[in-house]
Amino acid sequence: MTKKKGITLDLAFFKKNIALILFLVLLIFNIISTNNFLSWITFNNFFKQVSRVCLVSLGMSLVIATGGIDISVGSAMALGSVLAALGIVHASPLLIIISVILVIGFGCLAGVAVSKFAILPMVATLALRYVMRGMAKGISGAANVTYTAPKLTAFFTQPVVGRIPVHFFILVIAVAVIYILVNKMKLGARIEAYGNNPVAARNCGINTVKIVIFCYAVTGALSWAAGMLEAVVVSSAHPSTIGTDMEIDAIAATLIGGTPIDGGYPNIVGTTCGAFVLQLISMMCNMNNVSYPVTLMLKAGIVLAALYFHGIGKRSR
């Protein structure tokens, strides 16, 4: 009996930390087998590229924990970055503020549609996906919005502390804030309660409408930040390319991290490691001249394997 309990505990440990284990395995593999992997250039490139995916994935983990999904995050990135870029072009801080408020507002709208009007999350965010991408194209005339802001570009492209990129610190702050919200405050328990059983959560006095709206709003805010990180590197924002397929990577990172697809506990550390795993696969393939289609298949295999592993306990009951 004790032995069986020990096996169960070990399985629970591995299920909770599978994304971290995968990341460490891939990291060690690349250090050993990939030429020039262990360098500051690789470190800088890794965090500059993973920061966008990780930010969106943090929000996605909250939404998926409620039993929902948000496939409008890529369009939110596009709309926010295009408006903010226009604000920089016209030297209008107000337009930049409006870009933030507008994207968060669409997140709140998604939350209202899902929680108040019982619209399926996929349907609600699909509609908003088209609306926001269409607005981004309409506002910009479907053209690339370029701007000149040397100080801003230098801040996000040059190391700020020694050789460490600013993206590293942005990511640390974002992960820390979301982790504290989920694990050190009542919000995490309420999200988990709603994700596990919405009716029971409401009967317990939890304001489920506010919880859902908050999760989608946070996702909107993080998507705006991710869009800005993507735009600031090239000093431009293209309404058709920024955020393309970002929802796929964000959902994949969340699922690898262990947040249940049907709702439950949002595993913030797992989601972060899941985003790291996906980015590490991309870098590994790129540095070893592996074709892009093979990279996609490797990512798909990792996601399927993680989903299978996370489902072992449920199938055995």
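Bear in mind that the values here come from a model prediction, so they are computed numbers and not experimental data.
When only modelled atom types and interatomic distance are considered, Thr153 and Ser235 share a side-chain donor-acceptor pair under 3.5 Å. Between Ser72 and Ser75, the side chains place no donor N or O within less than 3.5 Å of an acceptor N or O (distance only, hydrogens not considered). No hydrogens or angles considered: a donor-acceptor pair under 3.5 Å links the side chains of Asn183 and Tyr265. Side-chain atoms of Lys210 and Ser115 form no donor-acceptor pair, as typed in the model, at a separation below 3.5 Å.
Taking the six-membered ring where tryptophan is involved, the planes of Phe43 and Phe168 are tilted, since the angle between them lies from 30° to 60°. Ring-plane geometry between Phe46 and Phe23 is classed as tilted, the angle between the planes lying from 30 to 60 degrees on a 0 to 90 degree scale.
Taking every heavy atom of both residues into account, Arg163 and Asn44 meet most closely at O-ND2, 3.1 Å. Here the shortest heavy-atom pairing between Lys299 and Asp249 reads NZ-OD1, 4.1 Å. Closest non-hydrogen pair, Ala76 versus Met132, comes out as CA-SD, 3.8 Å. Of all heavy-atom pairs spanning Gly220 and Val103, the tightest one is O-CG1, 3.2 Å. Nearest heavy atoms, Thr148 versus Pro150: C-CD, 3.8 Å. Pairing each heavy atom of Ser140 with each of Val145, the nearest pair is CB-CG2, 3.7 Å.
The local environment of CG in Asn36 is sparse, with at most 12 non-hydrogen atoms from other residues, nucleotides or ligands closer than 6.0 Å. The 12-atom threshold is exceeded at CZ of Phe169, counting heavy atoms of other residues, nucleotides or ligands nearer than 6.0 Å.
The side-chain heavy atoms of Asn286 and Val290, taken from C-beta on, include no pair separated by under 4.5 Å. Looking at Val269 and Thr272, their side chains never come closer than 4.5 Å, going by heavy atoms from C-beta outward. Between Leu83 and Trp224, every side-chain heavy-atom pair lies at or beyond the 4.5 Å cut-off. Put simply, the side chain of Pro121 does not reach to within 4.5 Å of the side chain of Val63, judged on heavy atoms. Gln49 has its side chain within reach of Met283: a pair of non-hydrogen atoms, C-beta onward, lies under 4.5 Å apart. Side-chain contact check for Leu187 versus Phe214: some heavy-atom pair is nearer than 4.5 Å. Residues Ile191 and Ile211 have side chains in contact (heavy-atom distance under 4.5 Å, counting atoms from C-beta outward). With a 4.5 Å cut-off on side-chain heavy atoms, Val233 and Phe156 do not count as touching.
Under a 3.5 Å cut-off, the side chain of Thr271 and the backbone N or O of Asn267 do form a donor-acceptor pair. Using modelled atom types, one side-chain atom of Asn197 and one backbone atom of Ala200 make a donor-acceptor pair closer than 3.5 Å. Counting only distance, with no hydrogens or angles, the side chain of Ser81 and the backbone of Ala78 share a donor-acceptor pair below 3.5 Å. Side chain of Lys48 to backbone of Thr157: a donor-acceptor contact under 3.5 angstrom is found. With hydrogens and angles ignored, the 3.5 Å screen pairs no side-chain donor or acceptor of Arg129 with any backbone N or O of Val73. His90 places no side-chain N or O within donor-acceptor distance of the main-chain N or O of Ser92, the cut-off being under 3.5 Å. A distance-only check finds no donor-acceptor pair linking the side chain of Asn30 to the backbone of Met284 [under 3.5 Å].
From Thr254, atom OG1 reaches atom CD1 of Ile64 across 4.5 Å, with rounding to the nearest 0.5 Å. Residue Asn196 holds its CG atom at 8.5 Å from CG of Asp262, rounded to the nearest 0.5 Å. Taking CD1 of Ile178 as the reference point, atom CD1 of Ile173 lies at 12.5 Å (rounded to 0.5 Å). For the atom pair CD1 (Ile71) and CE (Met246), the distance works out to 15.0 Å, reported to the nearest 0.5 Å. Remark: Ile242 CD1 to Glu230 CD distance equals 5.0 Å, nearest 0.5 Å. Here Leu24 contributes atom CG and Asn17 contributes atom CG; the two are 10.0 Å apart, rounded to the nearest 0.5 Å.
One hydrophobic cluster, built from ILVMFWY side chains closer than 4.5 Å, holds both Val182 and Val56. Linking Ile, Leu, Val, Met, Phe, Trp and Tyr whenever their side-chain heavy atoms come within less than 4.5 Å puts Leu222 and Ile170 in one cluster. In terms of hydrophobic clustering, with Ile, Leu, Val, Met, Phe, Trp and Tyr side chains grouped at heavy-atom distances under 4.5 Å, Leu298 and Ile248 are assigned to different clusters. There is no path of hydrophobic side-chain contacts, each under 4.5 Å, that joins Ile97 to Val100. Placement of Met60 and Tyr194 in two distinct hydrophobic clusters is found when ILVMFWY residues are connected by side-chain heavy-atom separations under 4.5 Å, directly or transitively.
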### Message
With side-chain contact (heavy atoms from CB on, under 4.5 Å) as the criterion, how do Val114 and Ile119 come out once you've worked through the C-alpha distance, each side chain's angles and the decisive distance to 0.1 Å?
### Response
CA-CA 5 Å; Val114 171; Ile119 298 174; 5.6 Å; no

### Task
Show your reasoning for whether side-chain contact (heavy atoms from CB on, under 4.5 Å) applies to Leu79 and Phe106.
CA-CA 11 Å; Leu79 177 59; Phe106 274 116; 3.8 Å; yes

### Task
Check the pair Ser39 / Thr42 against side-chain hydrogen bond (donor to acceptor under 3.5 Å, both in side chains), numbers first and verdict last.
CA-CA 5 Å; Ser39 67; Thr42 303; 3.0 Å; yes

#### Entry: Full working for side-chain contact (heavy atoms from CB on, under 4.5 Å) between Met287 and Phe37
CA-CA 8 Å; Met287 294 179 74; Phe37 181 81; 4.0 Å; yes

### Query
How far apart are the C-alpha atoms of Tyr216 and Thr125, what are their side-chain angles, what is the distance that settles it, and do they pass the side-chain contact (heavy atoms from CB on, under 4.5 Å) test?
CA-CA 10 Å; Tyr216 280 92; Thr125 56; 4.0 Å; yes

